[in-house]
Asker: 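There's a structure below that I have some questions on.
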Amino acid sequence: MQFGDTCFEDPIIKGLLSRVHDVTHVPITNYNEMQIVRYQPGQFHSFHGDYIVEDSQRRVGGRILTFFMYLNDVEEGGETEFSRSRLSPPIKVAPTKGKALIWANVLDSDPHKEDERVWHQGITLDKGEKHAANLWIHMRDFRNPIENKCTD
């Protein structure tokens, strides 16, 4: 499920986006629509990165940041695991209501190149349900080109 333009006007969503802006200092117009996800027992999300190479050539630019928020407590499983860094053991984050993660999808030295160290996966959910929200933040204005049907 993705939220459309009307949800950008919802007071709760506006408050959330304002808080994300306070942390990132990236204009809200650079934010993708929020995506809500639901996992049931046995479901998982395979190892992946959030950067889309083709987006770097589009007007909106690549997804430079990911904001990921857990919307409920999970009974068992469903952790988000980052395991690509050669410098540390895998990092597993347990889904807890209200907990949020933010990570850069690009290199500081070259924001047009993906940082593969932040590839991650959603570990299999063993028990209960997992609800979460993704918010991808682009290098440039995302909303106006989409609204004006001016994408490439």
Side-chain angles (χ1 to χ4, degrees), residues 1-56 58 60-108 111 113-143 146-147:
M1 172 203 285
Q2 287 195 331
F3 289 109
D5 289 337
T6 56
C7 289
F8 273 107
E9 300 307 316
D10 180 90
I12 294 171
I13 300 300
K14 282 175 105 170
L16 174 64
L17 297 178
S18 177
R19 292 177 72 183
V20 173
H21 175 264
D22 289 346
V23 171
T24 66
H25 300 282
V26 176
I28 293 173
T29 55
N30 292 29
Y31 299 3
N32 236 114
E33 294 89 355
M34 192 176 299
Q35 179 190 61
I36 304 297
V37 295
R38 179 183 77 167
Y39 295 86
Q40 296 179 318
Q43 293 183 320
F44 62 93
H45 197 301
S46 59
F47 197 60
H48 67 285
D50 291 340
Y51 186 78
I52 299 173
V53 175
E54 295 80 18
D55 279 355
S56 66
R58 295 176 61 215
V60 299
R63 293 174 174 174
I64 58 171
L65 297 169
T66 296
F67 177 84
F68 188 74
M69 183 172 61
Y70 300 105
L71 303 177
N72 69 308
D73 292 321
V74 172
E75 293 180 58
E76 191 176 321
E79 297 91 346
T80 302
E81 180 183 71
F82 297 84
S83 57
R84 214 113 193 241
S85 175
R86 294 175 201 81
L87 303 175
S88 64
I91 298 169
K92 284 187 180 181
V93 180
T96 305
K97 183 178 180 176
K99 187 183 289 182
L101 307 175
I102 188 166
W103 62 86
N105 297 307
V106 296
L107 298 170
D108 286 343
K113 288 192 178 171
E114 178 178 20
D115 187 345
E116 294 181 356
R117 296 173 298 176
V118 293
W119 277 45
H120 53 284
Q121 62 182 332
I123 301 295
T124 302
L125 182 65
D126 296 320
K127 189 175 180 185
E129 285 193 343
K130 174 182 169 182
H131 298 268
N134 283 303
L135 181 63
W136 295 292
I137 301 172
H138 289 262
M139 182 178 289
R140 293 182 287 279
D141 185 342
F142 181 85
R143 292 194 54 213
I146 299 298
E147 288 173 4

Asker: I need the minimum non-hydrogen distance between F44 and I123, along with the two atoms involved.
Answerer: CB-C, 4.1 Å
Asker: Are L65 and V20 side-chain neighbours, meaning at least one heavy-atom pair lies under 4.5 Å?
Answerer: no
Asker: Q35 versus E33: any side-chain heavy-atom pair under 4.5 Å?
Answerer: no
Asker: Roughly how far apart are L135 CG and I13 CD1, rounded to 0.5 Å?
Answerer: 9.5 Å
Asker: Report the distance from atom OG1 of T80 to atom NZ of K92, rounding to the nearest 0.5 Å.
Answerer: 11.0 Å
Asker: Test W103 against every option in W136, F82, W119 by the ring pair (Phe, Tyr, Trp, His ring centres under 6.0 Å) rule and name the one that passes.
Answerer: F82
Asker: Between OG1 of T124 and CD of E79, what distance do you get to the nearest 0.5 Å?
Answerer: 9.5 Å
Asker: Heavy-atom count around D108 CG within 6.0 Å, excluding the residue itself: above 12?
Answerer: no
Asker: Distance check, rounded to the nearest 0.5 Å: K113 atom NZ versus S56 atom OG?
Answerer: 11.0 Å
Asker: More than 12 foreign heavy atoms under 6.0 Å from CZ of F47: is that the case here?
Answerer: yes
Asker: Main chain of A94, side chain of K99: is a donor-acceptor contact present, judged purely on distance under 3.5 Å?
Answerer: yes
Asker: If you look only at pairs with a residue in residues 11-20, which of them pass as a salt bridge (Lys or Arg N to Asp or Glu O under 4.0 Å), with sequence neighbours excluded?
Answerer: E9-K14
Asker: Classify the angle between the aromatic ring planes of H48 and H45 as parallel (below 30°), tilted (30 to 60°) or perpendicular (above 60°).
Answerer: tilted
Asker: Restricting to side-chain contact (heavy atoms from CB on, under 4.5 Å), what partner residues turn up for V106, sequence neighbours left out?
Answerer: Y51, I64, P111
Asker: Give me the atom names and distance for the closest heavy-atom approach of L107 to R117.
Answerer: CD2-NH2, 4.3 Å
Asker: Could you pull out all residues at least two apart from Q121 that satisfy side chain to side chain donor-acceptor pair (under 3.5 Å)?
Answerer: E81
Asker: Just by modelled atom types, is the E129 backbone N or O under 3.5 Å from a matching donor or acceptor in the N72 side chain?
Answerer: yes
Asker: Give the minimum heavy-atom separation between L17 and M34, together with the two atoms involved.
Answerer: CD2-CE, 4.4 Å
Asker: Kindly give the heavy-atom pair with the smallest separation between G77 and P95, and that separation in Å.
Answerer: O-CG, 3.8 Å
Asker: Report yes if the side chains of V93 and Y70 come closer than 4.5 Å at any heavy-atom pair, otherwise no.
Answerer: yes
Asker: Could you state the interatomic distance from CZ (R63) to CG (N30), rounded to the nearest 0.5 Å?
Answerer: 14.0 Å
Asker: Within this structure, what is the NE2-CG distance for the pair H120 and D50, rounded to the nearest 0.5 Å?
Answerer: 4.0 Å
